[in-house]
Number of protein chains: 2
Amino acid sequence: MTPLSYTDADIVALLGTHGIQVTSQRVLIAQLLFQGMTHLSADDVHRLANAGGQQVSKATVYNTLGLLTEKGVIRQVIADPGRVFYDPNTKPHHHFFDVDTGKLSDIDASGVEINGLPSLPTGTRLEGVDVIVRLRSTKHS
Amino acid sequence: MTPLSYTDADIVALLGTHGIQVTSQRVLIAQLLFQGMTHLSADDVHRLANAGGQQVSKATVYNTLGLLTEKGVIRQVIADPGRVFYDPNTKPHHHFFDVDTGKLSDIDASGVEINGLPSLPTGTRLEGVDVIVRLRSTKHS
DNA sequence: CTTAATGCAAAGGCTTTGCAGAGAC
DNA sequence: GTCTCTGCAAAGCCTTTGCATTAAG
């Protein structure tokens with residue numbers, strides 16, 4: 001499905017570029033995210049990491065996801081109350097969120113244009129603009 | 001600050017219009033939200049409700065906020081990981097969210113225009129479009 | 001060797017749930 | 001009298017924290 005493939009070396013280079021010390025757990029976690037370019041929750045990452053023979057603790061999963069976010073390697077998506085998703089795609093883009101299934105999907109930002117936003121309140125600077133298009137699955141009626 | 005004022009009768013009418021049975025707790029909670037037209041977390045509501053002499057349990061606060069949301073009297077704002085805000089303003093509008101302070105503020109939708117969103121995935125219908133402009137407080141450097 | 005990362009378990013927020021008692025109609 | 005709402009406490013996610021152990025440079 002995903003044409004991109006990330007070798008261990010790619011991931012190691014990615015971490016290095018961002019000034020992140022390389023460990024086996026960090027490589028594994030980053031790989032899980034970039035492999036499928038999918039949106040994963042911390043629990044998803046924890047489950048997938050431990051499914052592959054390797055063993056990674058929950059604390060390390062959270063530490064690593066936090067670190068990767070802080071260093072700009074991945075970003076958080078706040079769409080589901082009570083669960084943060086992590087997104088390896090840091091290019092500007094937006095999201096569909098299916099309220100019924102809890103699934104996220106990307107909206108390419110290239111076609112999307114947002115006009116008329118007011119200027120920022122004084123004393124603040126822009127961190128980012130998130131657009132979440134909430135969906136419901138069409139079923140029963 | 002807010003020119004609007006909601007009497008008990010207004011709130012009772014509002015609940016009635018939406019097919020919600022009137023109880024003193026529900027009136028109080030709705031009033032807290034509509035009084036200031038502010039964004040409140042469940043905990044805010046709980047604290048404010050109990051500050052005013054009346055006593056309302058946490059369970060009732062959550063039940064009532066859920067009911068008001070379901071009936072379309074208020075809406076949720078998902079911006080802060082780990083905390084849901086409730087917004088009495090159900091007209092289309094967007095939000096600033098200050099990542100540092102955790103404060104939400106409104107962006108009037110009337111000037112804002114979003115173009116180029118792709119069509120919805122098949123089998124889904126639109127629930128709403130949320131735009132969150134994330135801010136950081138400009139401080140130290 | 002010295003510093004940083006990991007793992008485990010416990011603790012911490014926020015929210016939901018189960019069920020008895022109180023209130024609404 | 002019947003049905004619904006409320007309150008209390010316990011339980012449930014998700015996430016963070018503290019500290020001893022292990023790995024990295």
Side-chain angles (χ1 to χ4, degrees), chain A residues 8 11-12 15-16 18-32 39-50 52-71 73-86 97 99 102 104, chain B residues 8 11-12 15-16 18-32 39-50 52-71 73-86 97 99 102 104:
Chain A
D8 275 33
I11 298 291
V12 169
L15 297 180
H18 290 264
I20 299 173
Q21 199 176 107
V22 173
T23 70
S24 66
Q25 291 86 343
R26 288 174 182 176
V27 172
L28 173 59
I29 289 171
Q31 209 145 39
L32 288 171
H39 310 94
L40 299 177
S41 67
D43 193 59
D44 292 335
V45 171
H46 185 235
R47 197 157 355 85
L48 289 171
N50 291 332
Q54 283 229 33
Q55 114 89 23
V56 184
S57 73
K58 216 174 259 194
T60 297
V61 168
Y62 278 100
N63 283 342
T64 300
L65 291 173
L67 183 66
L68 293 175
T69 301
E70 185 193 322
K71 297 297 188 181
V73 180
I74 61 178
R75 75 179 209 194
Q76 295 187 313
V77 181
I78 313 297
D80 191 346
R83 196 204 322 292
V84 174
F85 284 99
Y86 294 88
F97 179 69
V99 176
L104 270 180
Chain B
D8 275 31
I11 298 292
V12 169
L15 297 180
H18 291 263
I20 298 173
Q21 197 175 109
V22 174
T23 69
S24 67
Q25 291 88 341
R26 289 174 181 177
V27 171
L28 172 59
I29 290 172
Q31 208 144 41
L32 288 171
H39 309 93
L40 300 177
S41 67
D43 192 61
D44 292 334
V45 171
H46 185 235
R47 197 160 352 85
L48 290 170
N50 291 332
Q54 284 229 33
Q55 113 89 22
V56 184
S57 74
K58 215 173 261 193
T60 297
V61 168
Y62 278 100
N63 283 341
T64 300
L65 291 173
L67 183 65
L68 293 175
T69 301
E70 186 193 322
K71 297 295 188 182
V73 180
I74 62 179
R75 75 179 208 194
Q76 295 186 314
V77 181
I78 313 296
D80 191 347
R83 198 207 314 295
V84 174
F85 285 99
Y86 293 87
F97 179 68
V99 176
L104 270 181

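Convention: sequence-line order gives letters A, B, ...; per-chain numbering from 1. Note that the structure is a prediction, hence the values are computed from the model and not measured.
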note = note: Gln76(B), atom CD; dC14(C), atom P; distance rounded to Å ~ 15 Å
query = Should Gln21(B) be listed as having a side-chain N or O under 4.0 Å from OP1 or OP2 of dA24(C)?
reply = no
message = Return the CG to NZ distance between Asp43(A) and Lys58(A), rounded to the nearest 0.5 Å.
response = 6.0 Å
Between C1' of dA5(C) and CG of Leu65(A), the distance in whole Å = 15 Å
request  = Measure across Ile78(B) and Ala79(A) and return the closest heavy-atom pair with its distance rounded to 0.1 Å.
outcome  = CG2-O, 3.7 Å
query = Just how far, in rounded Å, is C1' of dT4(D) from CD1 of Ile20(B)?
reply = 14 Å
task = Provide, to the nearest angstrom, the distance between the CG atom belonging to Asp43(B) and the P atom belonging to dT16(C).
result = 14 Å
inquiry  = Between Gln55(A) and dT22(D), is there a contact of a side-chain N or O with OP1 or OP2 at under 4.0 Å?
reply    = no
task = Decide yes or no for Leu40(A) and Tyr86(A): does some side-chain heavy atom of the first lie under 4.5 Å from some side-chain heavy atom of the second?
result = no
request  = Give the rounded distance in Å between these two atoms: NE2 of His46(A) and C1' of dC8(C).
outcome  = 11 Å
ask   = Under 4.0 Å: is that the gap between some side-chain N or O of Tyr62(A) and OP1 or OP2 of dT15(D)?
value = yes
message = Closer than 3.5 angstrom, by distance alone: can the side chain of His39(A) be matched with the main-chain N or O of Phe85(A) as a donor-acceptor pair?
response = no
query = dG7(D) phosphate, OP1 or OP2: any side-chain N/O from Thr60(B) under 4.0 angstrom?
reply = yes
task = In whole angstrom, give the distance that lies between atom CZ of Arg83(A) and atom P of dT16(C).
result = 13 Å
Separation of atom NZ in Lys58(A) from atom P in dC13(D), rounded to whole Å = 10 Å
task = Measure across Leu15(A) and Leu68(A) and return the closest heavy-atom pair with its distance rounded to 0.1 Å.
result = CD2-CD2, 3.8 Å
Under-4.0 Å side-chain N/O to phosphate OP1/OP2 contact, Gln25(B) with dG7(D) = yes
query = Nearest of dT17(C), dT15(D), dT6(C) to any side-chain atom of Asn63(A)?
reply = dT6(C)
Distance, rounded to the nearest Å, where Glu70(A) contributes CD and dT15(D) contributes P = 17 Å
Contact under 4.0 Å: Thr23(A) side-chain N or O vs dT6(C) OP1/OP2 = yes
inquiry  = Check the phosphate of dT6(D) against Arg26(B), side-chain N and O only, distance under 4.0 Å to OP1 or OP2. Yes or no?
reply    = yes
key: Contact under 4.0 Å: Ser41(A) side-chain N or O vs dC14(D) OP1/OP2   = no
